[in-house]
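Predicted, not measured: the structure shown is a model, and the values here were computed from it. Protein chains get the first letters and strands the later ones, always in sequence-line order, with residue 1 at the start of each.
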Amino acid sequence: MKITFPDKNVREYPDGTTSLEIAKSLSEGLARNVLAAKVNGEVRDLMRPINEDASLELLTWNDAEGKSTFWHSSAHLMAEALEALFPGIKFWVGPPVENGFYYDVDPGNHTLSQEDLPRIEEKMKELAKKNNAYQRKEINKEEAIKYFTEKNDEYKLDLLSNLEDGSITFYTQGDFTDLCRGPHIPSTGSIKAIRLMNIAGAYWKGDEKNKQLTRIYGITFPKQKELDEYLAMLEEAKKRDHRKLGKELEIFTFDEEVGPGLPLWLPNGAVLIEELERLAKRTEQAAGYKRVRTPHLAKSSMYLTSGHLPYYEESMFPAMQIEGEKYYLKPMNCPHHHKIFGSMNASYRDLPIRLAEYGTCYRYEQSGELFGLMRVRSLQMNDAHIYCTEEQFADEFKAVNEMYLKYFRIFNIEKYVMRFSTHSKEKLGKKYVDNEPLWIKTEDMVRRVLIESKIPYIEVADEAAFYGPKIDVQVWSAIGREFTLATNQVDFAVPARFGLTFRNAQNELETPICIHRAPLGTHERFIGFLIEHYAGNFPLWLSPKQVIVLPISDKFNDYARLVSQELNNYDIRAHIDERDEKIGRKIRDAETRKISYMLIVGEKEKETGSVAVRKHGEGDKGNMSKSDFLKMIKSEIEDQLNK
RNA sequence: GCCGUUGUAGCUCAGUGGUAGAGCACUUCCUUGGUAAGGAAGAGGUCAUGAGUUCAAUCCUCAUCAACGGCUCCA
């Protein structure tokens, strides 16, 4: 048979040669490091013989698929350890994930806890040393059912019930046998470094109505050094965590008496908010948006009209009763904006109408979902609604996307994914407004704009808003959690429910399309993200403390006040460290507080009307006149905002 | 909301069945110091809240609240 390698080289091997043998024929080193093989595009065990002409890619730790095979095998090793330590334990699924693997188990009467992890880890290491082979066995469905019936394992039987006969394989290593599609690494011995990370509850089949299983997360590496590096990397990431930095830099805080998920913005946080709003207002004004303002609550009838009450009620704070009326805190700004549009008596000549507001919304997020600033119950959205005709839709949608990209340049956001969420046919009328032709038409329009604008995106079904498809910008927190940073949604349903119309050129009433957009997401999540993105080192324009003046001794406090005041007069956020401390100490503290510029002033500066400039993270920049310094930072701010 | 863990001074964290400690921060005094921590003294806590066990609870038990790691859900 002919084997074709990724570099297009072709070599001849006898039929039935295994991938591992082929690896050996190429180099001993490769044979030692190879974990799995990709045969004709399918990832397979190394020990599986190849029987026909095929393309072959040998996967190592450097390949994503090599890693996931390694971790998948590690999950089996953990299961083997668990079964040895806790006889009778039952297993659901144990897949590899982005960083490691997990296994969902039902430990029966025993409750697994954090304290059990070191024992399990030890057992895994012991079993790994035995270097047992992962043996693949094809089996018919009857035998498989018999095996798990005898084992009294309802979970695996449930898995089996969804499999077709003939596709069933078992893998055995040591005393542990699992129903598994594979593939696996050849043997347990290459799993050298093991760390079980944490233990958590996870609903069976991901459904909260089902029983909760115990999920154990772990990670393994071929070398101890790699595990050590991974753990060190996690420690580093924790230092960027916005919850830690937010406290250290005095940006926000929570208070038990105020309530969970209700952040208090400290003065530094308020500066961040004001700068973001300033940027948004400038940008939106240039793009033809008009600002509006709306109250924080509304009567239930409006949310019946909007559809929030049937579709969204569980995410809203319960109503309050006033004068026989039910009032709800608003979870979104759109209904209020629709009311404003409705009051405008618009003609096609007025469209598009773009209404913008940094509106404060309240959402009743379940307690377990709260997460620092990233997931809160009171939030201020960079919201706007664009009402336009069907012909205008593509241009408007494109313009919104361009605004996103402009913001990403300003904030240097490079790692993100645009996620296009569409409806699912089965949930029409339940999760989604029941009008399939409109869904399909709108989704096509969005897809066309994305393709025409050459914006890379991924498409996911059954993730849309109840009123239309949406595009979310996904980013990751320091500790690797994924978040929707910004959102851009099409609404073809709610304007009609509100009876919104405009008069078209034929003097007929027509319903506008509405685009909801929030490129800067919410203040809460966006700032949470920015803290981690910049690791607290905000760019000058955004920095809550732009300049601190550090007098060498209190003899120069007067001059320091003069310098600081002059900067304040030009809208620079400058203040003074007048403490009775040595200059080294003042510098150290200013550096720790991540203040962008330090101006050291003493005898020399006072005499010449100058300042000695030091930049955060960079050090001494030398002496310059007050006016030169002002000019320099003014132009730095300009440059940062005009990208 | 569910599973698991945690809750001690402003912050980070020790600690004990006999009503508490460190470092940093804070206050005062000394020091007037040129690019990442000068010295001394002092002040600070119903040990998350509520009940129970006990002669005695910060420590043991239960409940509640909150935070954290996940699940479900989402900007």
Check your understanding: Under 3.5 Å, is there an N or O donor on one side and an acceptor on the other linking the side chain of T484(A) and the base of A75(B)?
Key -> no

Review point. Only one of Y103(A), W204(A), Y155(A), F86(A) clears ring pair (Phe, Tyr, Trp, His ring centres under 6.0 Å) with F91(A); which?
Key: Y103(A)

Review point. With a 3.5 Å cut-off and just heavy-atom distances, do the side chain of R243(A) and the base of C68(B) make a donor-acceptor pair?
Key: no

Check your understanding: How would you label the contact of K470(A) with the nucleic acid (heavy atoms, under 4.0 Å): base, sugar-phosphate, or nothing?
Key -> sugar-phosphate

Check your understanding: Under 6.0 Å between the ring centres of F466(A) and Y432(A)?
Key -> no

**Study point:** Side-chain touch N382(A)/E284(A), heavy atoms, less than 4.5 angstrom
**Key:** yes

Check your understanding: Between residues 211-218 of chain A and RNA chain B, which residues have a heavy-atom gap below 4.0 Å?
Key -> Q212(A), R215(A), Y217(A)

Identify all pairs in which a protein N or O lies below 3.5 Å from an N or O of nucleotides 48-50 of chain B, and state each distance.
none

Practice item. Would you indicate what G372(A) reaches in the nucleic acid, counting non-hydrogen atoms under 4.0 angstrom: base, sugar-phosphate, or nothing? Key: sugar-phosphate

**Study point:** Assigned glycosidic conformation for G44(B) [threshold 90° from 0]
**Key:** syn

Study note, to complete from the structure: Those stems involving RNA chain B that have three or more consecutive Watson-Crick or G-U pairs, both distances under 3.5 Å, are B:1-7 with B:65-71, B:10-13 with B:21-24, B:26-30 with B:38-42, B:48-52 with B:60-64

Practice item. Just say parallel, tilted or perpendicular for the rings of H308(A) and Y312(A), cut-offs at 30° and 60°. Key: perpendicular

Exercise for review: Let me know the distance between CG of L249(A) and C1' of A25(B), rounded to the nearest Å.
Suggested key: 15 Å

Exercise for review: Classify the nucleic acid contact of E248(A) as base, sugar-phosphate or nothing, counting any heavy atom under 4.0 Å across all strands shown.
Suggested key: nothing

Practice item. Would you indicate what L550(A) reaches in the nucleic acid, counting non-hydrogen atoms under 4.0 angstrom: base, sugar-phosphate, or nothing? Key: nothing

Review point. Contact class for A202(A) vs. all strands (heavy atom < 4.0 Å): base, sugar-phosphate, or nothing?
Key: sugar-phosphate

Revision key, fill the gap. Each nucleotide of nucleotides 35-46 of chain B classed B (base within 4.0 Å of a protein heavy atom), S (only sugar-phosphate) or -, in 5' to 3' order, makes BBBB--------

Check your understanding: Do K330(A) and T294(A) meet the criterion of a side-chain donor-acceptor pair at a distance under 3.5 Å?
Key -> yes

Check your understanding: Starting at the 5' end of RNA chain B and moving along, which residue's nearest nucleotide shows up first, G206(A) or R579(A)?
Key -> R579(A)

Side chains of residues 249-267 of chain A: which donor-acceptor partners sit under 3.5 Å, not counting sequence neighbours?
unit_1, atom_1, unit_2, atom_2, d
D255(A), OD1, E257(A), N, 2.7
D255(A), OD1, V258(A), N, 3.3

Point to revise | Nearest-nucleotide comparison on RNA chain B, the residue closer to the 5′ end among Y203(A) and F483(A) | key: Y203(A)

Could you go through nucleotides 10-15 of chain B and list every protein N or O atom that sits under 3.5 Å from one of its N or O atoms, giving the distance for each pair?
unit_1, atom_1, unit_2, atom_2, d
U12(B), OP1, K247(A), NZ, 3.4

Review point. Are any of the side-chain nitrogens in R119(A) or D116(A) under 4.0 Å away from the carboxylate oxygens of its partner?
Key: yes

**Study point:** Flag for Y364(A)-E314(A): side-chain donor and acceptor within less than 3.5 Å
**Key:** no

Review point. Using a cut-off of less than 4.0 Å, is there contact between a side-chain N or O of S367(A) and OP1 or OP2 of G1(B)?
Key: yes

Check your understanding: Under 3.5 Å, is there a donor-acceptor pair linking the side chains of H385(A) and E357(A)?
Key -> no

Check your understanding: Does the pair D589(A) and K586(A) meet the rule for a salt bridge (Lys or Arg N to Asp or Glu O under 4.0 Å), with working shown?
Key -> CA-CA 5 Å; D589(A) 289 346; K586(A) 291 183 183 181; over 6 Å; no

**Study point:** Sugar-phosphate only, base, or nothing, as touched by E365(A) at under 4.0 Å among non-hydrogen atoms
**Key:** base

